[in-house]
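In what follows, every heavy atom counts, from backbone to side chain, and hydrogens, waters and symmetry copies are set aside. Everything quoted here is computed from the prediction, not taken from an experiment. Reminder, nothing fancy here: chain letters follow the sequence lines and each chain counts from 1.
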Amino acid sequence: MPKKGAFTSMDRMKDIVALCKRRGFVFAASDIYGGLNGFWDFGPLGVELKNNLRDLWWKAMVITPPIGPDGNPVEIVGIDSAIIQNPKTWEASGHVGGFSDPMVDCRETKKRYRADHLVVLKNDTDKWPAFFEDVEDTDIEKRLKKLGLAQDLTGYERHNLTEPDILAALDKVIGPDVDKAGTLTEPQQFNLMFHTFVGATANEDNKAYLRPETAQGIFLNFKNVVDSTRVRVPFGIAQIGKAFRNEVTPRNFIFRSREFEQMEMEWFCRAEEAKMWQEFWFEERAHWWKSIGLSSANLQMRPHESDELAHYAKEGLGTSDIEYKFPFTDPDFGELEGIAHRCDFDLTQHQKFSGQKMDYLDPVAQERFTPHVIEPAAGLTRGVLALICEAYTVDESRPSGVYLNFHPSVAPKKAAILPLTAKEEHVPLAQKLYLELREEFPVDLDIKQNIGKRYARQDEIGTPYCFTIDNDTIADQTVTVRDRNTMAQERIHMDKVADYLREKMKR
RNA sequence: GCGGGUGUAGCUCAGUGGUAGAGCAUCAGCUUCCCAAGCUGAGGGCCGUGGGUUCGAUCCCCAUCACCCGCUCCA
């Protein structure tokens, strides 16, 4: 409910989370055991919303892909690859090497260091200063003087912080930015990939990973798709599915969770056309998010700075994000989708690691090359959150105090059928309409309680239309349509209700 | 991972060292021709979890888990 006084975006977010639980959109995973940090379950309405978003994406990509620059629809096919693949996949992709660094924290300064980048000067005292490995000897001597320690470097042994002898005596180590010993924590492995073991026994030989992105499943199947379908470059392969990342800090409701769902499309094209296609997809994707109800005011298009680019995008045109102004990021924005130029990094890597040819033979030009990739990668889970945040509308003039302003195409329930009273004459007509509509739309039939409560309930879950059966319905087969946003009513014939909804679903 | 805060019915919260309350919601019945209305009634919590102190703890202490805020991190 709306609060008095200063109503901050944090309050708004809390209200949204409360509504999500109260009405069955999102629950904490394993709630009865106290939950599990970074994991969430979708409830009855949440799964409908998520499926709607998922299906709209699939339709926009695979079923009715956009018209390309040549006036014809572009070519995109879908796949659904395994979550667990041969672990070499992740060595090739750069995920195994790239994110398993031991880190230490300084309790004093709260700074965090790569443990393998720190050098410790050990001697027979109990004060061992640590330095960044690339610090000049003259700077080391200066600091030793400041710390009141022996400045003769020959009196010290140099050890990496990760060596067992050093780790066993961390209380003697003086962190790089402090002047007393014992402020560094034990190194921690920050491997963002979940691992598991394939087969009954658990050991290093059968270690495998849960995919941290769906993209690699697409690259692994590049040849399969080229060989089994008639696609020709440029074309795309789309996939929707779960991905897993051991985020250091899952935060902000379902925005950063450890298990989440991605909608990724890898667009294979010639290197010289990469720029054109990146711009093309950027436009297309921004337009799509708007078409499902996100307002331009809450969307921002932002190119990545060079220092935040992923390893695969460093050489190319970079990445541009489509960002949404979530209540918890306001006035800033949070990433919804990134359109990256992955160059030929992935195919080249897999060719190197697998020994399989991953290049493409153009059948017309009879020319062999490794395609470049433009990747529009969207978060389905984040998309759901953006839709909910966008829809959440405070309106103190109505009984519910709030309603969810979903576009009809994403609303979990498209309509509710409400007999005005529970009397014998109204209920059968309502049931008849309900049985007819549910063949085509997810709809609710709600008979109990007074009409106001039922309207309020539908407002809160974002049902765009309520069809009410009253005494006039008995006489002339018309029903009232009550619009969620305006609360205005009009009468239409029962036979026209399906047409009415069908028309409203259009975007 | 660090620091601060929070954790009592579905929700929002109150409360006391002696085994817990309100409003709203939910459900049932009656009523009602249109916006959580009215009347009557019902269900629902052993106070996040596990220890400890105590004759006895929801309220005291410790640990743990989760969430929120800040920092850090973020393929």
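- Here B:G17 sits opposite no nucleotide as a Watson-Crick or G-U wobble pair (both hydrogen-bonding atom distances under 3.5 Å).
- Figure legend. B:U64 is base-paired to B:G48; pairs are counted as Watson-Crick or G-U wobble with both atom distances under 3.5 Å.
- Atom name P, nucleotides B:C61 and B:U54: the rounded distance is 16 Å, in whole Å.
- The pair A:R245-A:E259 does not meet the salt-bridge criterion, since no charged nitrogen lies less than 4.0 angstrom from a carboxylate oxygen.
- Toward the 5′ end of RNA chain B lies the nearest nucleotide of A:A18, the other residue of the pair A:A18 and A:F328 mapping further downstream.
- Distance noted for atom C1' between B:C55 and B:C62: 22 Å (whole Å).
- A:Y465 is linked by a ring-ring contact (aromatic ring centres under 6.0 Å, His included) to A:Y500, counting only residues two or more places apart in sequence or in another chain.
- Taking atom P in both B:A42 and B:C47, one finds a spacing of 25 Å when rounded to whole Å.
- Donor-acceptor pairing under 3.5 Å is lacking for the side chains of A:Q477 and A:D495.
- An OP1 or OP2 oxygen of B:U32 is reached within less than 4.0 angstrom by no side-chain nitrogen or oxygen of A:N450.
- Judged by Watson-Crick or G-U wobble contacts below 3.5 Å, the nucleotide B:G3 has B:C69 as its partner.
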Strictly under 3.5 Å: I want the nitrogen or oxygen pairs between protein and nucleotides 65-68 of chain B, one per line.
residue: B:A66; atom: OP1; partner: A:N37; partner atom: N; Å: 3.3
residue: B:A66; atom: O4'; partner: A:G34; partner atom: O; Å: 3.0
residue: B:C67; atom: OP1; partner: A:N37; partner atom: OD1; Å: 2.8
residue: B:C67; atom: OP2; partner: A:N37; partner atom: OD1; Å: 2.6
residue: B:C67; atom: OP2; partner: A:N37; partner atom: ND2; Å: 3.3
residue: B:C68; atom: OP1; partner: A:F253; partner atom: N; Å: 3.4

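- Going from the C1' atom of B:C11 to that of B:C69 covers 22 Å, rounded to whole Å.
- Taking the C1' atom of each, B:C2 and B:G43 are spaced 45 Å apart, rounded to whole Å.
- When both pairing distances are held under 3.5 Å, B:C35 makes no Watson-Crick or G-U pair with any nucleotide shown.
- For the 3.5 Å distance criterion, the side chains of A:Q458 and A:R482 fail to qualify, holding no donor opposite an acceptor.
- Between A:E48 and A:R23 no salt bridge is recorded (no basic side-chain N to carboxylate O distance below 4.0 Å).
- The shortest distance between the side-chain N/O atoms of A:K448 and the OP1/OP2 oxygens of B:G29 is below 4.0 Å.
- Look at A:R457 and you'll find a side-chain N or O under 4.0 angstrom from OP1 or OP2 of B:U26.
- With ring centers used as reference points, A:F255 lies under 6.0 Å from A:F328.
- In summary, A:R258 and A:E247 do not engage in a salt bridge, as defined by a charged side-chain N under 4.0 Å from a carboxylate O.
- Dashed line: the shortest gap from a side-chain N or O of A:Q449 to OP1 or OP2 of B:C27 is under 4.0 Å.
- Remark: A:K223 NZ is packed, more than 12 non-hydrogen atoms of other residues, nucleotides or ligands lying under 6.0 Å away.
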| Candidate pair A:F194 and A:Y209, rule side chain to side chain contact (heavy atoms under 4.5 Å, CB included), full reasoning | CA-CA 6 Å; A:F194 281 90; A:Y209 301 94; over 6 Å; no

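- Counting atom types as modelled, A:Q489 pairs a side-chain N or O with a base atom of B:C34 as donor and acceptor under 3.5 Å.
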Taking N or O atoms only and anything under 3.5 Å, show me the protein contacts with nucleotides 4-9 of chain B, one pair per line.
none

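- Nucleotide B:G56 has no partner under the Watson-Crick or G-U criteria, as no pair reaches both atom distances under 3.5 Å.
- Using a cutoff of 4.0 Å between basic side-chain nitrogens and carboxylate oxygens, A:D446 and A:R454 are not scored as salt-bridged.
- Pair check for B:U26 finds B:A42; Watson-Crick or G-U wobble, both atom distances under 3.5 Å.
- Comparing the C1' positions of B:A9 and B:C46 gives an interatomic distance of 12 Å, to the nearest angstrom.
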